[in-house]
Amino acid sequence: MSRTPKPLPLSTTQARQIWLHAQRLTDRAPFGEGAEAVSAAVAHLGYVQIDTINVIERCHHHILFSRIPSYRRADLRHAQSVDKTVFEYWTHALSYVPANDFRFFLPAMREHRREGHKWFAAVKPADTRKVMRLLRGGPLTIRDIDDDVLVEKEHLWQSRKPSKRALQLAFYTGAVTISARQGMLKTYELTTRHFGWDRLPKPAPASEITAYLLDRALRSQGVVSLDSVCHLDAPSKKPVARLIASRVRRGELVPVAIEGAGKQEHWASPAALEPHEVSPDLVHILSPFDPLIIQRKRTNLIFGYNHLFEAYVPKAKRKLGYFALPVLVGDEIVAALDLKTDRQNKKLLMQKWTWVGQGRKTAGRKEMKRVIEEELDRFERFQLAE
């Protein structure tokens with residue numbers, strides 16, 4: 001019987017460099033440009049989160065801009081609506097996902113079809129029949145349906161339109177997809193017609209979905225824990241843990257002990273542990289929903305930075321600001337900038353600048369501030385473009 005190998009020690013600096021390389025934040029233009037770059041970035045990362053807050057540009061555009069310097073919003077529209085290489089669905093949140101991964105989401109879609117969806121339990125069969133009848137005539141937005149009798153909301157973000165609730169339920173069941181998006185206005189379309197399919201693909205079996213979750217995390221995180229693979233997906237932990245143990249026995253994964261992680265176990269492929277240099281002059285102004293930031297405990301462990309998302313915190317109690325953006329210089333998070341885009345006057349407003357981590361040290365801060373301000377100029381141009 002083979003014994004579990006002793007974990008390899010890994011400093012937080014090494015873990016940072018591995019993770020940054022996996023996130024493709026160590027190169028200036030790792031995916032090229034255009035709609036093809038968007039498709040490649042989403043395929044590599046596994047998903048790009050969508051969010052409604054637009055105090056600066058919404059996070060799906062922001063995340064792509066951080067990895068595609070020449071990124072334009074039209075590139076994402078082209079990938080979604082013309083090339084159809086990405087589609088929207090729920091991961092840990094609503095996200096852009098590679099269209100090639102569609103079959104891994106079909107079991108969840110079928111479950112919603114059988115059992116409904118807890119957020120849309122009040123949807124009536126008549127409302128579903130209505131929107132499906134309208135969709136058979138062609139794509140539509142919720143603005144195209146103006147005969148709804150409005151109902152009360154059950155929670156803050158829910159629509160008062162029964163037709164919109166029915167469309168959203170049909171989206172979760174896989175019958176309908178989002179074929180285009182203008183800001184947050186979605187165009188709904190029959191999934192098979194959008195992709196040109198006679199029928200939906202065959203769903204992936206449970207074993208392949210488990211492997212998909214693990215491989216996606218290994219590709220985009222480099223070093224993984226059970227929590228990082230199964231972020232907000234506790235039911236997947238047991239099968240993923242079994243698969244990790246199997247791959248360790250076969251020598252495909254190596255246990256590692258990250259400095260300061262205590263009893264939390266981590267693993268990596270042997271190839272991921274090769275040294276990865278990070279250019280010290282690379283600067284990224286990151287979204288709080290960026291894959292490098294969204295798992296707060298992991299970011300705190302590896303970067304020593306505990307990001308505070310304070311959009312819903314009373315103003316008097318905020319420390320970093322309403323919508324603070326972490327700033328990555330080289331392989332260190334050194335500042336958090338609370339920014340706001342004044343679209344009317346075409347300006348990017350600096351609400352608050354907070355030095356964190358290595359940025360608190362006065363040595364070298366002048367040069368650090370200079371390179372961050374250079375990136376802020378580029379970031380402002382992106383905010384105000386198109």
I need the [X] [atom1] to [Y] [atom2] distance, nearest 0.5 Å.
X      : Y      : atom1 : atom2 : value
Leu348 : Leu384 : CG    : CG    : 7.0 Å
Glu310 : His307 : CD    : NE2   : 8.0 Å
Ile178 : Gln168 : CD1   : CD    : 8.5 Å
Ile302 : Leu10  : CD1   : CG    : 8.5 Å
Ile294 : Ser287 : CD1   : OG    : 7.5 Å
Leu214 : Gln221 : CG    : CD    : 9.5 Å

Give a yes or no on whether [X] atom [atom1] has more than 12 heavy-atom contacts from other residues, nucleotides or ligands under 6.0 Å away.
X      : atom1 : value
Glu33  : CD    : no
Glu265 : CD    : no
Glu277 : CD    : no
Lys84  : NZ    : yes
Arg250 : CZ    : yes
Arg343 : CZ    : yes

Under a 4.5 Å cut-off applied to non-hydrogen side-chain atoms, are [X] and [Y] in contact?
X      : Y      : result
Leu376 : Leu339 : yes
Tyr188 : His194 : no
Lys130 : Ile145 : yes
Tyr89  : Asp101 : no
Tyr212 : Arg103 : no
Val97  : Thr91  : yes
Phe195 : Glu189 : no
Arg77  : Gln182 : yes

Group every Ile, Leu, Val, Met, Phe, Trp and Tyr by side-chain heavy-atom contacts under 4.5 Å, then state whether [X] and [Y] land in the same group.
X      : Y      : answer
Tyr71  : Leu325 : yes
Leu190 : Ile142 : yes
Leu320 : Ile56  : no
Val229 : Val254 : no
Tyr172 : Leu232 : no

Is it the case that the side chain of [X] and the backbone of [Y] share a donor-acceptor pair, with hydrogens and angles ignored and the cut-off at 3.5 Å?
X      : Y      : value
His231 : Gln295 : no
Gln383 : Glu57  : yes
Asp144 : Thr141 : yes
His62  : Ile285 : yes
Arg219 : Ala43  : yes
Ser81  : Ser179 : yes
Lys352 : Lys319 : yes
Arg193 : Leu135 : yes
Ser66  : Leu286 : no
Arg318 : Phe323 : no

Using the side-chain contact (heavy atoms from CB on, under 4.5 Å) rule, pick out the option among Val223, Leu292, Val224 that qualifies with Trp19.
Leu292

Give the intermediate values and the outcome of side-chain hydrogen bond (donor to acceptor under 3.5 Å, both in side chains) for residues Arg16 and Thr13.
CA-CA 5 Å; Arg16 282 199 303 273; Thr13 298; 3.2 Å; yes

[X]/[Y] ion pair, N-O < 4.0 Å:
X      : Y      : result
Asp75  : Arg72  : yes
Glu373 : Arg370 : no
Glu111 : Arg114 : no

[Y] versus [X], side-chain donor and acceptor atoms under 3.5 Å:
X      : Y      : answer
Asp233 : His92  : no
Arg365 : Thr362 : no
Glu259 : Gln14  : no
Arg242 : Ser246 : no
Arg67  : Gln23  : yes

Specify the closest pair of heavy atoms between [X] and [Y], including all atoms of both residues, with the distance to one decimal.
X      : Y      : answer
Pro107 : Ile209 : CG-CD1, 3.5 Å
Arg58  : Gly183 : NH1-CA, 4.0 Å
Leu64  : Ala41  : CD2-CB, 4.0 Å
Ala336 : Tyr305 : CB-OH, 3.8 Å
Gln264 : Asp227 : NE2-OD2, 3.6 Å
Tyr322 : Asp338 : N-OD2, 3.3 Å

Set out, in order, the CA-CA distance, both residues' side-chain angles and the distance that settles salt bridge (Lys or Arg N to Asp or Glu O under 4.0 Å) for Lys186 and Glu88, then state yes or no.
CA-CA 10 Å; Lys186 307 167 189 174; Glu88 297 185 27; 5.5 Å; no

Both conditions, 6.0 Å and 45 degrees, for the charged tip of Arg73 above the ring of Phe382: are they met here?
yes

Which one of Trp119, Tyr96, Tyr47, Phe105 satisfies the ring pair (Phe, Tyr, Trp, His ring centres under 6.0 Å) criterion with Trp90?
Trp119

Salt bridge (Lys or Arg N to Asp or Glu O under 4.0 Å) assessment of Asp127 paired with Lys161
CA-CA 10 Å; Asp127 294 325; Lys161 284 191 170 187; over 6 Å; no

Dump the intermediate steps for side chain to side chain contact (heavy atoms under 4.5 Å, CB included) on Arg216 and Leu213, then the final yes or no.
CA-CA 5 Å; Arg216 182 178 72 181; Leu213 293 174; 3.6 Å; yes

Between Phe309 and Phe289, does the ring centre distance come in under 6.0 Å?
yes

Taking the ring of Phe171 and the ring of His112, is the distance between their centroids below 6.0 Å?
no

